[in-house]
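Taking it in order: structure first as structure tokens, then the write-up.
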Number of protein chains: 2
Amino acid sequence: MDQVTRPKHAVPQPRVTSFDVAALAGVSQSSVSRAFSKRSNISEDTRQKIFEAARKLNYVPNSIASSLTTRRSNIIALIIGDLKNPFYVRMLHAFSERLQAEGRQILAFTAGPDDDTDAVMMRVLQYQVDGIIVTQARLSMRMTGLSHERGIPIIFFNRYVPGSDASCVRCDNAAGGRVLAECLLRAGAKSFAMIAGEARATTSHDRISGFVERLRESGVRPQDIETAEGFSTYDGGVIAIQKLLKDRKAPLPDALFCINDIMAMGAMDVMTHSYGLSVPTDIMVASFDNIPESGRLPYQLTTIEQPLDAMITETLKLLHLDDPGSGIELGLDRPIPGPLIWRATIPGSAPDAATLATL
Amino acid sequence: MDQVTRPKHAVPQPRVTSFDVAALAGVSQSSVSRAFSKRSNISEDTRQKIFEAARKLNYVPNSIASSLTTRRSNIIALIIGDLKNPFYVRMLHAFSERLQAEGRQILAFTAGPDDDTDAVMMRVLQYQVDGIIVTQARLSMRMTGLSHERGIPIIFFNRYVPGSDASCVRCDNAAGGRVLAECLLRAGAKSFAMIAGEARATTSHDRISGFVERLRESGVRPQDIETAEGFSTYDGGVIAIQKLLKDRKAPLPDALFCINDIMAMGAMDVMTHSYGLSVPTDIMVASFDNIPESGRLPYQLTTIEQPLDAMITETLKLLHLDDPGSGIELGLDRPIPGPLIWRATIPGSAPDAATLATL
DNA sequence: TTGAAAGCGCTAACAC
DNA sequence: GTGTTAGCGCTTTCAA
């Protein structure tokens, strides 16, 4: 009775291999292999016989072993910076579902801004992944080269690295910036504040430059455009708006442009709760991403949606997962337009599509 | 000049193997293997010689091949339901960092509530992972059995499956529920509403039962405790509070207990923006998780923190990643107490630790 | 400390 | 359509 109090342990069984299944089914081992692989010459009859034997033995093919011979692991590496921005969470989830549906899985690698990305890449290469998706992190040319030499394609997702030989799939950020500027202008805004992300981030840079470009075209003077940096996080948005508002003598700008929703949320929370400001009455707000949070009651953000599904489709296309022999195209850039999501942070109604198209 | 307009393609190079390195370094292939493996008998001299050759050839050990012989992949499967709740995002990120620091990676598997979890598990087993962490999904006994037979431990994270032979690491939900009840009681609450999660979720069940238990002990009558179900999502919280408040004739309950922060946020947004209610003046709120969002200006939730770091440490301990031969202990349950995070949704100040300890 | 050789479990020619 | 056989790139005895 003593046994009951001791923790129970599982007893590991010897591994069941395709040889065991072959023996039980009375066929050769290679037939077992054929039975479990798509489009291979095997009679339905023996296949069933094999499946039956496999079921009896609880046989599961060893994908590690098969990767070794086929040189395909069906694993895609996803190098992710951090998950503070819900957009990247959505992205991760969507990639995982899409890939899993086609029999592949995501191997997650984290690379913070302070981490040695090259070291992480070496780890990635060890795992013999079929492709690499990089968000937020930056990669040295040496590393992209090593990866490409091995036939492993790299896609920068939502991050454009000028001069890199890795390809890039991203939202058309500059175009979105122009659209948002136009919306604000039409709603009557004359003076502007912007909360940018990290200066090095191309995403931030492109959104800002499209936005400012359109403003300039409409005759807005440089002194009517203020900027603060928000590091693309909620807390960064909070800090940036405080810098903009604290001890302010000048009148409030008419409109605030945040380069992503999460910073807009931080900024709005501060304006609403610490300064008693109303949006859009006191100040209009526009941003980017259309994360799920942006539609919630306290925010109702007018924003440019990142066309996630289209971006993922394009990424998977560039990855050429199904015909690895085709060679890796280098340095492709795929900007995808994102739709305007009109909500409540800009007064009035959305410009019609025709108008926006001419931008 | 025509070439310039054609897309450039990377030319795949033949793979560099340990044999190539051995040849260049003038040693045997097995020495190369030794050089790259921890604690192995090799002179520092030849090791350096080999590293040098490896560097010249850009050699990276093939971990797929090594997994085949060692039967260890250094890959941990993480089966995740969905990422709508930020708590699971934090968890994913924290696991990934902790594992990566010790030379392992996460292979992500998604299993929605409608997916066939057993089919997902078969996929997991193919990849020869060293361990499996399951959140949100439920697993059949057959599958846990198959995994354990293969020597692959399974840990349910933040999910207790009574009777399962897989072990479980979780927050002590019932204790947290009691603490929150006590806080609300001390703040003067006499009537209560609760927003529960899915009925089948043990997490929700335990939090609710601890909460109600304490209420009963203090003489609160059953008719003074209302319940609505919120499916553990933001939108679910919104719907639940609307059901509770719409066409309400009875007076408002004194306090609202939500079994997680994300639903509390949905409920608060509705109460604030649609009903003009103030927290905690009109109604107190308490919840669970301490996700980063819960500390933001519009919420300031008083909540029980899920002790994520401790939970992860315990999970890694139960996984026995470093001594796989030790056998898998079955059916362990590790409830870990979560600290009370006192903010602004309950008036007054927090009960002292001594008081809470006696609960 | 080092090298030779036998696998790990599977796929893919190649014969039959 | 099926079986035989030679690897895939590595780790790990076993001898030297």
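Throughout, a chain's letter reflects where its sequence line sits, starting with A, and its residues are numbered from 1. Computed over heavy atoms, backbone and side chain alike; hydrogens, waters and symmetry mates excluded. Here the structure is a predicted model, which means the values were calculated and not measured.
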- Item | Within-4.5 Å side-chain heavy-atom neighbours: A:Arg15 and A:Asn62 | yes
- Query: Between the two end axes of the helix from C:dT1-D:dA16 to C:dC16-D:dG1, each built from 5 base pairs, what angle do you get to the nearest 10°?
  - Reply: 30°
- Task: Would you check if the side chain of A:Ser96 reaches a backbone N or O of A:Leu92 as a donor-acceptor pair within less than 3.5 Å?
- Result: no
- Query: Hey, does the side chain of B:Thr135 reach the backbone of B:Phe157 with a donor-acceptor pair shorter than 3.5 angstrom?
  - Reply: no
- Message: Whole angstroms only, please: what is the CD1-P distance between B:Ile64 and C:dT11?
- Response: 13 Å
- Under 3.5 Å: donor-acceptor pair, side chain of B:Asp116, backbone of B:Asp118: yes
- Return the value, rounded to whole Å, for the distance between atom CG of A:Leu57 and atom P of C:dG9. 14 Å
- Message: Please tell me if A:Thr46 has a side-chain N or O lying less than 4.0 Å from either OP1 or OP2 of D:dT2.
- Response: yes
- Task: Starting from P on C:dG9, measure out to CG on B:Leu125 and report it in whole angstrom.
- Result: 15 Å
- Looking at D:dG3, C:dT2, D:dT2, which one has an atom nearest to any side-chain atom of A:Ile42? D:dT2
- Sugar-phosphate atoms are those with a prime plus P, OP1 and OP2; base atoms are the rest. Using that split, label each nucleotide of nucleotides 8-16 of chain D B, S or - for protein heavy atoms under 4.0 Å, 5' to 3'. BBBBBB---
- Could you state the CZ-P distance from B:Arg47 to C:dT2, rounded to the nearest angstrom? 10 Å
- Is the backbone N or O of A:Leu321 less than 3.5 Å from a side-chain atom of A:Arg72, with the two atoms forming a donor-acceptor pair by type? yes
- Task: Could you tell me whether the side chain of B:Thr144 reaches within less than 4.5 Å of the side chain of B:Val161, counting heavy atoms only?
- Result: no
- Validation row: A:Ser167, A:Phe156 side chains within 4.5 angstrom (heavy atoms): no
- Item | Value in whole Å for how far the C1' atom of C:dC14 lies from CG of A:Asn41 | 14 Å
- Item | Whole-Å gap separating P (C:dT11) and CZ (A:Arg39) | 12 Å
- Using the side chain to side chain contact (heavy atoms under 4.5 Å, CB included) rule, pick out the option among B:Leu125, B:Leu146, B:Leu319, B:Asp130 that qualifies with B:Ile152. B:Leu125
- Message: For B:Tyr127, run the side chain to side chain contact (heavy atoms under 4.5 Å, CB included) check against A:Val60, A:Ile64, A:Ile75 and tell me which one passes.
- Response: A:Ile75
